[in-house]
Amino acid sequence: MRLTQLVTKTLREDPPEAETASHRLMLRSGLIYQVAAGVYAYLPLAWRSLRKIENIIREEMDAAGGQELMMPALQPRELWEQTGRADSMGEVLFSMEDRRGRPMVLAPTHEEVVTSIVRANVQSYRDLPVILYQIQTKFRDEPRPRAGLVRVREFDMKDAYSFNADDDSLDDSYQAMAQAYRSIYRRCSLPVLMAEADSGAIGGKDSHEFLLATPTGEDTVITCRGCGYTANAEKAEGVYPEQEAASELPLETVDTPGVKTIAALADFLGVATSQTLKAVFYAADEEVVFVTVRGDLEVNEVKLKNSLHCNDLRLATDEEVKEAGLVAGSASPIGITQVRRVADPSITQGSNFVVGANQPDTHYRNANYPRDFEVDILTDIALAQPGHLCPRCGTPLEATRGVEVGHIFKLGTSYSEALGAMYLDQEGQQHPITMGCYGIGVGRLLAAAVEQNHDERGIVFPAPIAPYQVHLVGLNLTDEAVAIAADKLYRELWDSGIETLYDDRPDQAAGVKLNDADLMGLPLRLVVSPRNLRNNAAEMKGRTEEEATMVSLEDVAGEVRSFLQSA
């Protein structure tokens, strides 16, 4: 491809809206174009990289026994109502009506349709196991699109689904997919963490995320150096510091004028935050819920949502709190009966806590559970934090930021039961098919590759997914001899099967061309110039190398092949 013909434009300055390195560099290098918030066009350079990523994915999916198909993005809403996800997906689900008034959705994922397909085509245990996959566009009405291709409203995704006779067979498919994912990331030069994760709206009993560690990631990953335990913060468990229990003392009130926060309360009374109980108010499907956790801990909203079995969870508004008869800043579950009460077991780890007295500027000392108050649900809702101890080996936990580049789920039989996907066993007995689901965001994977591989000059594309292998730069192309030599070399490289992008712009300065080559980040740069041509040579430089070497024009193709084979 000649750069004069390529539909792209590089930018000298960082776009002001770019939040991350990948977003900034993909806009600057002309890989993507923003059409609307969370909606991007893949320009030719990005599209070539995406196709290479897709080819890697297809090869690994096929090797793991997958069969590729294509399912519609437009689906009848009734399918989603049968599984209950029309409500559980909430406002993320794009909904519409066709001209006959029939409710439709734009699919964010394809469990419903693929289960219907298998229901129509699988009858016996002899037809199982089956793994089906596709690479297709998905739609999610994200409330806060961010970071370029990391969180968008329209995106390309590889989604695979396994159908098995039982849990043991599902385990085999699950492990095969996990290994295929490892191979995909390795071939894309992405070092990932495989972390235990929450299943969210997809459902299922077990799931794992594949995360790329990056300071700009939107996920927190909890890890243990001792045993390798790795989990998304939404799923992670931790053993928090023990609080010594003393003899229970009588409940007493204390004036706390103007004190509204746990930190201020602990400072005012001269106690540790772990000696207090924190009250947080949530709206769960519009029902106000009173949540209590030890003052040195934070609420894990994913765990809380799962314990409440609600579709929507958010912090309650000041008005909702007031209408429920609760006193923000001075609340506790003592005497509270008008709302549902949820508490973390940390309230049992210690004694004589400081809590709100449910009246302004007043708190209680020496509150104890269950002597002074009751709760409706007592379950783990605390957020694991660095410094907490690993639940497996006791080593202090650590945390890192990461971006999710894949997610796999053990779904079980919830979808097959809801949609009637059954099979007959050897005795002729009917059973629901056991399912798994496996997703990779293709565009997000490209963004992650850029996030992981860049320097101060621009992108450093891993060779397997670079849009082109070689960036050929012609300098001073008004010199006819240089133009002829560069054009000849361009054709020779393509004839040798080497994908080459040729900067044939006649009116750009050498510095602009070399800067653009670094910005676009192809693995190898070749320069043809009047000085090099006098030596019948071209300058060759790998993207990460500091120094260039001179190669005879007759040897360029062979030298390039050797470089790429070792890249």
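Computed from a prediction, not measured in an experiment: that's the story for all the values here.
Between the D141 side chain and the R153 main chain, no donor and acceptor come within less than 3.5 Å of each other. The backbone N or O of P360 sits less than 3.5 Å from a side-chain atom of T362, completing a donor-acceptor pair. A donor-acceptor distance shorter than 3.5 angstrom exists from the side chain of Q338 to the backbone of A324, with no hydrogens or angles considered. Side chain of N366 to backbone of L249: no donor-acceptor contact under 3.5 angstrom is found.
By the 6.0 Å and 45° rule, K410 stacks over the aromatic ring of Y174.
Between Y364 atom OH and S332 atom OG the span is 7.0 Å, to the nearest 0.5 Å. Rounding to the nearest 0.5 Å places CG of L132 at 6.0 Å from CD of Q67. Interatomic distance, OG1 of T434 versus CG of L170, reported as 6.5 Å (0.5 Å rounding). Distance check, rounded to the nearest 0.5 Å: CD1 of I53 to CG of L190 gives 8.0 Å. Atom CD1 of residue I440 and atom CD1 of residue I57 lie 4.5 Å apart, to the nearest 0.5 angstrom. One distance of note links CD1 of I377 with OG1 of T292; it measures 12.0 Å at 0.5 Å rounding.
For S169, the side-chain hydrogen bond (donor to acceptor under 3.5 Å, both in side chains) criterion is met by N164, not counting sequence neighbours. With sequence neighbours excluded, the residues forming a side-chain hydrogen bond (donor to acceptor under 3.5 Å, both in side chains) with D296 are R294, listed by chain and number. In terms of the salt bridge (charged side-chain N to carboxylate O under 4.0 Å, His left out) criterion, D372 has no residue partners (sequence neighbours excluded). Residues satisfying the salt bridge (charged side-chain N to carboxylate O under 4.0 Å, His left out) test with E417, not counting sequence neighbours, are none. With sequence neighbours excluded, the residues forming a side-chain hydrogen bond (donor to acceptor under 3.5 Å, both in side chains) with H23 are Y40, listed by chain and number. Looking at residues two or more places apart in sequence or on another chain, you find a side-chain contact (heavy atoms from CB on, under 4.5 Å) between E59 and R187. Judged as a salt bridge (charged side-chain N to carboxylate O under 4.0 Å, His left out), and not counting sequence neighbours, D172 has no contacts. Residues meeting the side-chain hydrogen bond (donor to acceptor under 3.5 Å, both in side chains) test with E320, sequence neighbours left out: R314, T317.
Looking at L277 and V293, their side chains never come closer than 4.5 Å, going by heavy atoms from C-beta outward. Annotation: side chain of E301 is not in contact with side chain of K305 (no heavy-atom distance under 4.5 Å). A 4.5 Å side-chain heavy-atom check between C390 and C227 finds at least one atom pair inside the cut-off. For the pair L397 and C224, the minimum side-chain heavy-atom distance is below 4.5 Å. Looking at L25 and L27, their side chains never come closer than 4.5 Å, going by heavy atoms from C-beta outward. For the pair Y229 and C393, the minimum side-chain heavy-atom distance is 4.5 Å or more. Taking the side chain as every heavy atom from C-beta outward, L411 and E111 approach each other to under 4.5 Å.
Under the 6.0 Å cut-off for aromatic ring centres, F210 and H208 do not qualify, their centroids lying 6.0 Å or more apart.
For the 3.5 Å distance criterion, the side chains of T395 and R225 fail to qualify, holding no donor opposite an acceptor. No side-chain N or O of Q349 forms a donor-acceptor pair with one of Y240 less than 3.5 Å apart. Side chains of D159 and Q134: a donor on one and an acceptor on the other come within 3.5 Å. Under the 3.5 Å distance criterion, with hydrogens and angles disregarded, no donor-acceptor pair is assigned to the side chains of H363 and T253. With 3.5 Å as the limit, one finds a donor-acceptor pair spanning the side chains of T83 and E112.
Contact check on R58 versus E54 returns a salt bridge, with a Lys/Arg side-chain nitrogen under 4.0 Å from an Asp/Glu carboxylate oxygen. Salt-bridge annotation for R371 and E248: present, with a side-chain N of the basic residue lying under 4.0 Å from a carboxylate O of the acidic one. Under a 4.0 Å N-O distance rule, the pair D156/K138 does not qualify as a salt bridge. One finds a salt bridge joining R392 and E196 here, because a Lys/Arg side-chain nitrogen approaches an Asp/Glu carboxylate oxygen to under 4.0 Å.
Within the structure, salt bridge (Lys or Arg N to Asp or Glu O under 4.0 Å) pairs that include any residue of residues 212-223 comprise R146-E218, R151-E218, E218-R444 (at least two apart or interchain). For the salt bridge (Lys or Arg N to Asp or Glu O under 4.0 Å) condition, the pairs that include at least one residue of residues 337-355, sequence neighbours left out, are E287-R340, R341-D376. Applying the side-chain hydrogen bond (donor to acceptor under 3.5 Å, both in side chains) test to every pair with at least one member in residues 264-275, sequence neighbours left out, gives these pairs: Q243-S274, Q243-Q275. Within the structure, ring-ring contact (aromatic ring centres under 6.0 Å, His included) pairs that include any residue of residues 371-406 comprise Y369-F373 (at least two apart or interchain).
A pairwise comparison of heavy atoms in A331 and A279 identifies O-CB, 3.6 Å as the closest pair. Nearest heavy-atom pair across W80 and T109 is CZ2-O, 3.4 Å. Here the closest non-hydrogen pair linking I131 and S162 is CG1-CB, 4.0 Å. A pairwise comparison of heavy atoms in G406 and Y181 identifies CA-CE2, 4.3 Å as the closest pair. Across A447 and V150, no two heavy atoms sit closer than the pair CB-CG2, 4.4 Å. Minimum interatomic distance between V288 and V339 (heavy atoms only, all atoms of both residues): O-CB, 3.7 Å.
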task = Let me see the working for R401 and T220 under side chain to side chain donor-acceptor pair (under 3.5 Å), right down to the final yes or no.
result = CA-CA 5 Å; R401 301 295 293 176; T220 299; 2.3 Å; yes
key: side chain to side chain donor-acceptor pair (under 3.5 Å) evaluation trace for T400 with E398   = CA-CA 7 Å; T400 187; E398 300 176 358; over 6 Å; no
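Ring geometry for F290 against F281 counts as perpendicular: the plane angle is over 60°, on a 0 to 90° scale with 30° as the lower cut.
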